[in-house]
**Q** 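Got a structure here, written out as structure tokens. Questions coming.
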There are 2 protein chains.
Amino acid sequence: MSVRKDQIRIQAQTLFRERGYVATSMRDIAESLGIEAASLYNHIHSKEQILQEICFRMAEHFFAAIEPIVKSTVVPVEKLRLAIEAHLAVIAAHNDASAVFLHEWRHLGEPYLSDFKLMRNRYEKIFRTLIEDGIKSGDFRDMNIALTARTMLSAMNWTYESYNSKRKIDPAETASHIGTMMLKGILK
Amino acid sequence: MSVRKDQIRIQAQTLFRERGYVATSMRDIAESLGIEAASLYNHIHSKEQILQEICFRMAEHFFAAIEPIVKSTVVPVEKLRLAIEAHLAVIAAHNDASAVFLHEWRHLGEPYLSDFKLMRNRYEKIFRTLIEDGIKSGDFRDMNIALTARTMLSAMNWTYESYNSKRKIDPAETASHIGTMMLKGILK
DNA sequence: TTAATAAACTAACAACTGTTAGTTAGCTTT
DNA sequence: AAAGCTAACTAACAGTTGTTAGTTTATTAA
């Protein structure tokens with residue numbers, strides 16, 4: 001909504017990523033914006049609301065990136081490759097927020113925590129289905145689908161770390177390499 | 001050393017894993033042992049010392065598991081497969097501690113934080129070398145070694161999650177599947 | 001029996017936490 | 001010029017934090 005609220009969320013993303021949600025105080029966030037902690041409450045309802053918005057906005061980004069690919073008519077192997085690249089592109093585009101999304105969601109209170117878990121499971125299910133389709137088409141080996149999906153997602157979800165350091169990393173090269181590695185890993 | 005100190009560390013592992021280091025208070029740890037918070041200080045020096053011991057003990061476990069494999073004379077491909085299985089066996093054997101080791105180390109203070117990062121880099125370097133050897137022997141494709149090592153470790157490091165739920169997961173099957181997936185992913 | 005030790009206790013501390021209430025200064029709209 | 005709104009401020013709150021000091025109790029050693 002307001003521009004100030006966006007600034008708060010962006011500063012919070014950085015701090016939550018660096019120190020973690022619990023170790024970041026409202027006074028830390030305020031200081032990074034050059035205002036007092038109490039002034040934050042002109043723009044947001046609570047500390048947890050900031051976390052909620054970071055987490056659920058990221059969830060939307062991931063779904064938005066992957067849904068057109070799922071609905072497309074390309075062959076299973078290529079569909080999974082595109083999904084991997086889309087997922088990695090979202091992480092590269094929303095670096096700090098991805099770190100918070102991946103590590104700090106457990107500090108959400110109810111009912112947001114349950115909603116979050118449901119959404120995450122729904123997202124993983126998309127990858128499970130893509131893998132299953134590849135098995136049915138005879139391209140992938142017959143394997144433990146849940147285990148494969150979790151392994152693939154974890155092999156991707158560390159990449160936000162690499163966009164922080166001094167070395168300049170090319171997101172496209174990263175995506176290409178991880179995509180190839182994961183696909184070769186499960187092809188017949 | 002003392003049995004009570006071990007009990008404190010074990011309870012802390014569970015709580016740190018569930019709620020995170022910062023969100024776990026000394027009173028929480030004390031309560032889980034049926035004593036008062038102040039009584040903990042008869043056995044430990046500080047809250048952070050507990051975290052230090054969890055993290056550095058785990059580091060020792062990982063090195064101890066992998067060093068004999070590195071020193072062995074098996075062929076590069078098999079060496080990497082054994083290293084993957086050893087790494088996954090350590091995680092399976094030290095479930096809660098692995099979660100803390102992987103996620104809470106950043107709350108270490110100096111000089112422990114720097115020491116930890118050095119050790120972790122040294123450990124990753126072992127995997128980088130194993131991959132490099134496989135490239136030199138002509139078994140693995142020529143690829144970004146650092147990127148490959150990080151991807152492999154991340155593909156392994158989520159597995160502590162799976163040993164918590166109601167479903168009974170077989171660590172050996174997990175290790176076998178992830179090992180195969182990673183190796184096929186990088187073989188020529 | 002006496003002395004020493006280990007491990008618990010109660011009480012308290014200063015600092016910090018998220019948040020609320022009430023106020024003020026500067027724009028914008030009437 | 002007057003009124004209203006936005007976004008900052010100061011001050012304070014009740015609760016929690018890690019930790020220390022001093023005391024008590026039970027077990028072990030002399």
**Q** Provide, to the nearest angstrom, the distance between the CD1 atom belonging to A:Ile44 and the C1' atom belonging to D:dA8.
**A** 15 Å
**Q** For B:Arg4, answer base if it contacts any base atom (sugar-phosphate contacts may also be present), sugar-phosphate if it contacts only those atoms, and nothing otherwise; contact means non-hydrogen atoms under 4.0 Å.
**A** sugar-phosphate
**Q** So what stems show up for DNA chain C if we need 3 or more Watson-Crick or G-U pairs in a row, all under 3.5 Å?
**A** C:3-30 with D:1-28
**Q** Applying a 4.0 Å non-hydrogen cut-off, can you work out what A:Ser25 is touching in the nucleic acid: base, sugar-phosphate, or nothing?
**A** sugar-phosphate
**Q** Parallel, tilted or perpendicular: which one describes the rings of A:Phe116 and A:Trp105, with boundaries at 30° and 60°?
**A** parallel
**Q** Please tabulate, one pair per line, all N/O donor-acceptor pairs under 3.5 Å involving side-chain atoms of residues 179-187 of chain A, not counting sequence neighbours.
**A**
| from | atom 1 | to | atom 2 | distance (Å) |
| --- | --- | --- | --- | --- |
| A:Thr180 | OG1 | A:Arg81 | NH2 | 2.7 |
| A:Thr180 | OG1 | A:Ser176 | O | 2.8 |

**Q** Could you list the protein-to-nucleotides 22-29 of chain D atom pairs, N/O on both sides, closer than 3.5 Å?
**A**
none

**Q** Between D:dT6 atom P and A:Gln7 atom CD, what is the distance in whole Å?
**A** 17 Å
**Q** Donor-acceptor pairs are to be reported for all side-chain atoms of residues 151-159 of chain B against protein atoms at under 3.5 Å, with residues two or more places apart or in another chain.
**A**
| from | atom 1 | to | atom 2 | distance (Å) |
| --- | --- | --- | --- | --- |
| B:Thr151 | OG1 | B:Leu147 | O | 2.7 |
| B:Ser154 | OG | B:Arg150 | O | 3.0 |
| B:Asn157 | OD1 | B:His87 | NE2 | 2.8 |
| B:Asn157 | ND2 | B:Leu153 | O | 3.3 |
| B:Trp158 | NE1 | B:Ala155 | O | 2.7 |
| B:Thr159 | OG1 | B:Met156 | O | 2.8 |

**Q** Do A:Asn42 and A:Ser39 have a side chain donor and acceptor closer than 3.5 Å?
**A** no
**Q** State, yes or no, whether a side-chain contact exists between B:Tyr163 and B:Thr174 at a heavy-atom distance under 4.5 Å.
**A** yes
**Q** Can you measure B:His45 atom NE2 to D:dT19 atom P for me and round it to whole angstrom units?
**A** 12 Å
**Q** Do B:Arg9 and B:Gln13 come within less than 4.5 Å of each other through their side chains, counting heavy atoms only?
**A** yes
**Q** Would you say B:Glu18 and B:Thr14 are linked by a side-chain donor-acceptor pair, where the criterion is simply a distance under 3.5 Å?
**A** no
**Q** In residues 57-70 of chain A, what donor-acceptor pairs under 3.5 Å come from side-chain atoms, sequence neighbours left out?
**A**
| from | atom 1 | to | atom 2 | distance (Å) |
| --- | --- | --- | --- | --- |
| A:His61 | NE2 | A:His94 | NE2 | 3.4 |

**Q** Return the value, rounded to whole Å, for the distance between atom NZ of B:Lys47 and atom C1' of D:dT16.
**A** 11 Å
**Q** Which is the 5'-most and which the 3'-most nucleotide of DNA chain C that has an atom under 4.0 Å from a heavy atom of chain B?
**A** C:dA7 to C:dA12
**Q** Could you check whether any side-chain N or O of B:Lys79 sits under 3.5 Å from a backbone N or O of B:Gly134, counting only pairs where one atom can act as donor and the other as acceptor?
**A** no
**Q** For a quick check under 3.5 Å, do B:Glu53 and B:Gln49 share a side-chain donor-acceptor pair by atom type?
**A** yes
**Q** Nearest whole angstrom, please: distance from the P of D:dT19 to the CD of B:Gln49.
**A** 10 Å
**Q** Please check the phosphate of D:dA8 (OP1 and OP2 only) for any side-chain N or O of A:His43 closer than 4.0 Å.
**A** yes
**Q** Would you kindly say whether A:Gln52 and A:Glu48 are connected by a side-chain donor-acceptor distance under 3.5 Å?
**A** yes
